[in-house]
J.: 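Quick one: structure below, then a few questions.
So you know, we letter chains A, B, ... as the sequences are listed, proteins then strands, and number each from 1. Not measured: the values here are computed from a predicted model.
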Protein chains: 2
Amino acid sequence: MNASGRVTAQDVALLAGVSQSAVSRVFTPGASVAPATAAKVRAAAKRLGYRPNSLARAMITGKSRIIGLVVAYLDNQFYPVAVEKLSLVLQAQGYHVLLFMAANTAGEMERLMEDLLAYQVDGIITASVAISNDVTRQCAQAGIPLVMFNRGQPGAGLSSVTSANALGGRKVAQFLLAGGHQRIAHISGWQGASTGKDRARGLIEGLAEAGCEPHAVIDGMYDRETAAMAARHLMDTASPPDAIFVGNDHMAFAVMDSLRAIGVRVPQDVSVVGYDDVPMAAWGAYDLTTVRQPLMRMVEATVETLLAQINDPERAAQNLEIDAPLILRGSARRPEGGDDAGV
Amino acid sequence: MNASGRVTAQDVALLAGVSQSAVSRVFTPGASVAPATAAKVRAAAKRLGYRPNSLARAMITGKSRIIGLVVAYLDNQFYPVAVEKLSLVLQAQGYHVLLFMAANTAGEMERLMEDLLAYQVDGIITASVAISNDVTRQCAQAGIPLVMFNRGQPGAGLSSVTSANALGGRKVAQFLLAGGHQRIAHISGWQGASTGKDRARGLIEGLAEAGCEPHAVIDGMYDRETAAMAARHLMDTASPPDAIFVGNDHMAFAVMDSLRAIGVRVPQDVSVVGYDDVPMAAWGAYDLTTVRQPLMRMVEATVETLLAQINDPERAAQNLEIDAPLILRGSARRPEGGDDAGV
DNA sequence: CTGAAAGCGCTAACAC
DNA sequence: GTGTTAGCGCTTTCAG
């Protein structure tokens with residue numbers, strides 16, 4: 001045992017009466033050791049409380065088994081749950097998660113890349129974070145695979161996993177139209193993000209197919225306060241909307257709160273539809289009709305894509321879109337005689 | 001540059017025409033280098049895109065600057081926000097967070113300790129996780145400081161940071177009594193956790209001081225469904241409570257949902273008080289009167305305690321309790337003519 | 001102030 | 001199978 005109280009393979013080797021490499025082999029999955037040797041070593045290791053030093057191993061192998069997970073904000077419930085699932089799936093695969101909280105700006109991301117690279121992460125997952133071209137270049141140069149979760153970046157040459165956002169928006173359009181809504185407004189997700197843009201585009205295209213146009217489109221910036229203000233603003237006109245599609249659940253809750261605060265009934269006066277289907281959407285207070293992002297499938301696809309790229313650096317980037325069903329609840333009037341199940 | 005495309009200090013040294021140790025010194029905060037040398041080295045480093053390898057540095061120094069953060073579940077909003085703040089504060093101090101999601105069981109924690117130790121973390125923060133004696137022994141043996149966030153463990157000899165839970169419960173008792181409530185029930189936090197026990201004890205003691213007893217106490221297990229069932233159960237008797245103190249906000253939301261679902265009005269028929277003051281408590285749909293855990297102060301205290309222990313291994317464990325004010329909102333009837341502000 | 005040399009704890013050839 | 005040997009990329013004495 002060295003000065004710091006840490007037990008080394010050497011200590012175990014001494015006690016077990018074998019070489020230090022023998023000890024290493026016992027703790028290296030695919031190595032060949034005589035059962036008897038392994039037993040001796042394990043016994044000695046147990047007695048000493050030995051544990052291989054992952055950092056030392058990482059230096060040699062060039063694989064740290066650490067994944068950098070970069071997240072912007074955790075107040076939208078979708079992300080904590082995503083972080084939880086991503087961690088769990090990664091842990092199950094023997095990886096570990098180095099967590100980075102980032103402001104959603106290119107400069108901040110830049111700064112984080114320094115640390116990410118310094119810790120020799122095997123791969124990076126970004127959740128709802130903007131990636132500058134500089135960053136992608138740095139990653140490519142360092143040969144570190146990166147997958148964007150819930151954010152696309154057309155033309156960046158980076159892998160991404162999202163739900164089928166445009167299609168989701170289209171489903172909402174069709175559903176609201178079928179429900180007899182005439183004035184469908186959209187408080188959109190941030191138009192600087194692919195998710196916000198795609199959902200808005202889907203809605204608009206869906207309406208257009210029926211010869212309609214959105215009653216109004218306001219950028220809610222994925223921010224509660226902005227969305228609430230937008231809702232008040234929409235209702236404060238001569239012809240208020242009879243339905244509002246909100247760019248994500250997080251904002252939809254704020255919209256419902258602010259509608260109720262001014263005496264507007266949901267869904268009798270205005271139907272509200274969200275996007276994400278976070279757990280809270282099912283709670284009694286909101287009972288929100290929303291487009292479900294299939295979290296586990298997205299998480300699994302993200303991890304799969306990342307690990308595939310780690311194991312085969314030549315692998316091309318891929319952009320996956322996962323189908324997102326509409327979940328019918330009580331916040332939006334449904335088509336008469338319509339199906340009760342999700343679309 | 002070695003085969004893997006990684007740039008080493010050696011490469012920089014060559015290009016700068018200095019020794020490798022000179023390069024090291026340039027990137028080691030407290031080392032003495034001639035300005036001219038430093039300039040040459042930095043230029044070369046920049047040109048090559050060099051970044052010191054934290055893992056190699058960690059091996060030498062015995063300090064990884066990694067903190068293991070162990071969290072149980074992220075569905076109670078209190079924890080994601082805590083994780084966010086903890087990460088931010090730790091990042092600001094030059095530390096990095098290795099995130100572990102754990103089932104809240106001793107066995108699981110055991111398994112995680114393996115990984116924690118293997119990665120040579122400098123310290124550990126657990127958020128609402130039960131720690132077995134085995135684990136504390138392992139930590140002590142490995143000399144790794146550990147601070148429990150939002151969980152106490154009397155007699156474990158471990159540091160912890162919590163809010164003043166018992167006092168919080170007492171405040172609720174006094175507030176509800178002052179509001180004229182006669183039958184005060186408690187759907188408690190999990191009685192296997194210090195937080196749940198202390199808040200319940202505080203309430204009961206607070207009532208006792210006024211010569212009262214709780215109308216009923218049911219363990220809500222920090223679980224939405226359990227809490228909702230408890231609420232329905234409480235109301236389904238000849239003399240239902242006129243106030244319910246719920247062990248945390250997460251359960252309180254479920255309680256309010258289930259009360260409303262059976263036509264019970266909050267606060268006209270029953271007052272509801274929570275604990276935590278998660279962001280959602282302020283949202284219109286719940287407008288929950290609750291005891292605020294001062295998150296930032298708890299986070300800062302946690303990080304401070306941990307870093308103090310890292311820097312001075314001899315330092316004794318400390319158990320901090322941070323005062324938690326009662327925040328008055330609309331879910332509970334207030335004392336007549338009472339103060340509008342928090343207590 | 002700077003370079004040479006000795007490792008941190010481990011894995012990966014390489015002989016035996 | 002197993003021990004020996006050579007490093008992974010870096011920090012840190014130790015001379016100069």
J.: Considering only residues two or more places apart or on different chains, which pairs with a residue in residues 124-151 of chain B satisfy ring pair (Phe, Tyr, Trp, His ring centres under 6.0 Å)?
T.: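 Of all non-adjacent pairs touching residues 124-151 of chain B, none passes ring pair (Phe, Tyr, Trp, His ring centres under 6.0 Å).
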
J.: Which nucleotide sits closest to the side chain of B:S32: C:dG3, D:dG3, C:dC1?
T.: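 Between C:dG3, D:dG3, C:dC1, the one nearest the side chain of B:S32 would be C:dC1.
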
J.: Atom CD1 of A:I124 and atom CE of A:M113: how far apart are they, to the nearest 0.5 Å?
T.: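 The CE atom of A:M113 is 4.5 Å from CD1 of A:I124, to the nearest 0.5 Å.
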
J.: Listing request: all side-chain hydrogen bond (donor to acceptor under 3.5 Å, both in side chains) pairs with a residue in residues 16-40 of chain B, at least two apart in sequence or in separate chains.
T.: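 Sorted result for residues 16-40 of chain B: B:S19-B:S21.
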
J.: Can you sort out the partners of B:S64 under side chain to side chain donor-acceptor pair (under 3.5 Å), two or more places apart, ordered by chain and number?
T.: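 Side chain to side chain donor-acceptor pair (under 3.5 Å) check on B:S64 returns B:D122.
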
J.: What string of B, S and - do you get for nucleotides 10-16 of chain D 5' to 3' if you count protein non-hydrogen atoms under 4.0 Å?
T.: BBBB---

J.: Filter on salt bridge (Lys or Arg N to Asp or Glu O under 4.0 Å), then keep only pairs touching residues 305-321 of chain A, sequence neighbours left out; what's left?
T.: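 Counting only pairs at least two positions apart or across chains, no salt bridge (Lys or Arg N to Asp or Glu O under 4.0 Å) contact touches residues 305-321 of chain A.
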
J.: For the pair made of CG in A:L55 and C1' in C:dT11, what is the distance, rounded to whole Å?
T.: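 Rounded to whole Å, this separation is 14 Å.
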
J.: What residue pairs, at least two apart or across chains, pass ring pair (Phe, Tyr, Trp, His ring centres under 6.0 Å) with a residue in residues 87-122 of chain B?
T.: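 Checked against ring pair (Phe, Tyr, Trp, His ring centres under 6.0 Å) - neighbours excluded - the pairs reaching residues 87-122 of chain B are A:H96-B:F100, A:H96-B:Y119, A:F100-B:H96, A:Y119-B:H96.
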
J.: To the nearest Å, give me how far apart NZ (B:K40) and P (C:dG3) are.
T.: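 Rounding to the nearest Å, NZ of B:K40 and P of C:dG3 are 8 Å apart.
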
J.: Please give me every residue in residues 42-49 of chain A whose heavy atoms get under 4.0 Å of an atom in DNA chain D, ordered by residue number.
T.: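 Here the set is empty: none.
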
J.: Please output the side-chain donor-acceptor pairs of residues 45-59 of chain A that fall under 3.5 Å, not counting sequence neighbours, one pair per line with the distance.
T.:
residue	atom	partner	partner atom	Å
A:R51	NH1	B:E114	OE1	3.1
A:R51	NH1	B:E114	OE2	2.8
A:N53	OD1	A:L55	N	2.8
A:N53	OD1	A:A56	N	3.2
A:S54	OG	B:A118	O	3.4
A:R57	NH2	A:F27	O	3.1

J.: Using whole Å, report how far CE of A:M59 lies from C1' of C:dC8.
T.: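 These atoms are roughly 9 Å apart.
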
J.: Would you mind listing every side-chain hydrogen bond (donor to acceptor under 3.5 Å, both in side chains) that reaches into residues 294-307 of chain A, with sequence neighbours excluded?
T.: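 Found none.
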
